[in-house]
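Everything below concerns the one structure shown next.
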Amino acid sequence: MESTNISFRENMKARLKKFVLELIKLCQSLPKSQEANIIKNQLLRSGSSVYANYRAACRARSKAEFFSKLSIVVESR
């Protein structure tokens with residue numbers, strides 16, 4: 001059971017990392033305007049925070065801490 005959890009966590013981290021990299025590519029393709037820059041900044045902050053918060057949740061010391069940190073990920077989605 002524990003190996004399944006570790007496999008799931010690593011798979012999710014890889015998927016979130018891929019998401020952030022694709023988000024960066026998307027932001028690079030947006031037009032160069034003041035409005036687009038505001039949208040790009042918000043997209044990058046919110047998209048990358050999901051990955052960062054999930055990584056922090058995976059380093060939790062207990063199940064309770066994991067679920068607490070994971071709730072931050074769900075909220076920021």
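Nothing here was measured: the structure is a model prediction, and the numbers come from that model.
Annotation for P31 and A36: closest pair O-CB, 3.1 Å, computed over non-hydrogen atoms. Between Y51 and K13, the shortest heavy-atom contact is CE1-O, 3.4 Å. Across all their heavy atoms, L23 and G47 have their closest contact at CD2-CA, 3.6 Å.
Taken from CE in M12 to SG in C58, the straight-line distance is 9.0 Å, to the nearest 0.5 Å. Taken to the nearest 0.5 Å, the NZ atom of K63 stands 13.5 Å off from the CG atom of L70. Here the straight-line distance linking atom CG of L30 with atom CG of N37 works out to 9.0 Å at 0.5 Å rounding. Rounding to the nearest 0.5 Å gives a distance of 11.0 Å between OG of S48 and CG of L16. How far OG of S33 is from CD1 of I39: 7.5 Å, rounded to the nearest 0.5 Å.
Among residues two or more places apart in sequence or in another chain, the salt bridge (Lys or Arg N to Asp or Glu O under 4.0 Å) test is passed with K40 by none. Considering only residues two or more places apart in sequence or on other chains, E65 meets the salt bridge (Lys or Arg N to Asp or Glu O under 4.0 Å) condition with R61, K69.
The shortest distance between side-chain heavy atoms of V20 and I24 falls below 4.5 Å. Considering only heavy atoms from C-beta on, I38 stays 4.5 Å or farther from Q42 through its side chain. The shortest distance between side-chain heavy atoms of L21 and K25 does not fall below 4.5 Å.
At least one donor-acceptor pair closer than 3.5 Å links the side chain of N53 to the backbone N or O of S49.
Under the 6.0 Å distance and 45° angle rule, R59 does not count as a cation-pi partner of F66.
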